[in-house]
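Notes for the one structure printed next.
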Amino acid sequence: LVEQNETTSKHIRDNLAKYDIHSELIKIKCPVLLMIGRQSVFSVEGAGAIDASLPNSQLVIFEDCGHFEYIEQPAKFQQTVNDFYKTALK
């Protein structure tokens with residue numbers, strides 16, 4: 001099992017950069033909430049590109065935050081989700 005996990009992890013690492021679905025994002029019609037911490041391991045620019053590709057999305061950047069918004073800033077995370085639901089479900 002460990003060998004399979006290592007093989008799978010290597011495959012993901014080697015191929016993740018080739019995985020690009022930006023052209024498919026326009027097909028998503030439902031409201032989408034994107035949240036990212038300014039210091040996340042993922043880039044804010046990349047999140048912005050995803051946001052720009054989605055026809056009905058909202059991007060929220062958490063300042064002074066890394067990858068785990070729900071742990072690092074739980075009150076702001078919860079408020080952001082609640083606000084999103086209020087507008088998305090109208």
Write down the atom of [X], the atom of [Y], and the distance for their closest heavy-atom approach.
X: Pro55; Y: Leu25; result: CD-O, 3.9 Å
X: His67; Y: Val41; result: ND1-CG2, 4.2 Å
X: Phe62; Y: Thr80; result: CZ-OG1, 3.9 Å
X: Cys65; Y: Gln73; result: CB-NE2, 3.5 Å

Measuring from atom [atom1] of [X] to atom [atom2] of [Y], what distance do you get when rounded to the nearest 0.5 angstrom?
X: Ser40; Y: Met35; atom1: OG; atom2: CE; result: 12.0 Å
X: Glu72; Y: Phe77; atom1: CD; atom2: CZ; result: 12.0 Å
X: Leu54; Y: Leu33; atom1: CG; atom2: CG; result: 11.0 Å

TODO: Find out whether Cys30 and Ile28 are in side-chain contact, i.e. whether some heavy atom of one side chain is under 4.5 Å from a heavy atom of the other.
DONE: yes
Task: Side-chain donor/acceptor of Ser57 to backbone N/O of Asp51, under 3.5 Å - done: yes
Open item on the list: Show me the pairs that pass salt bridge (Lys or Arg N to Asp or Glu O under 4.0 Å) and involve residues 21-43, at least two apart or across chains.
Closed with: Glu24-Lys27, Arg38-Glu63
Task: Full working for side-chain contact (heavy atoms from CB on, under 4.5 Å) between Val60 and Leu34 - done: CA-CA 6 Å; Val60 178; Leu34 302 166; over 6 Å; no
- [ ] Determine whether Val32 and Ile26 fall in the same hydrophobic cluster, where Ile, Leu, Val, Met, Phe, Trp and Tyr are linked whenever their side-chain heavy atoms lie under 4.5 Å apart.
- [x] no
Task: Sequence-distant partners of Glu45, side-chain contact (heavy atoms from CB on, under 4.5 Å), two or more places apart - done: Ser43
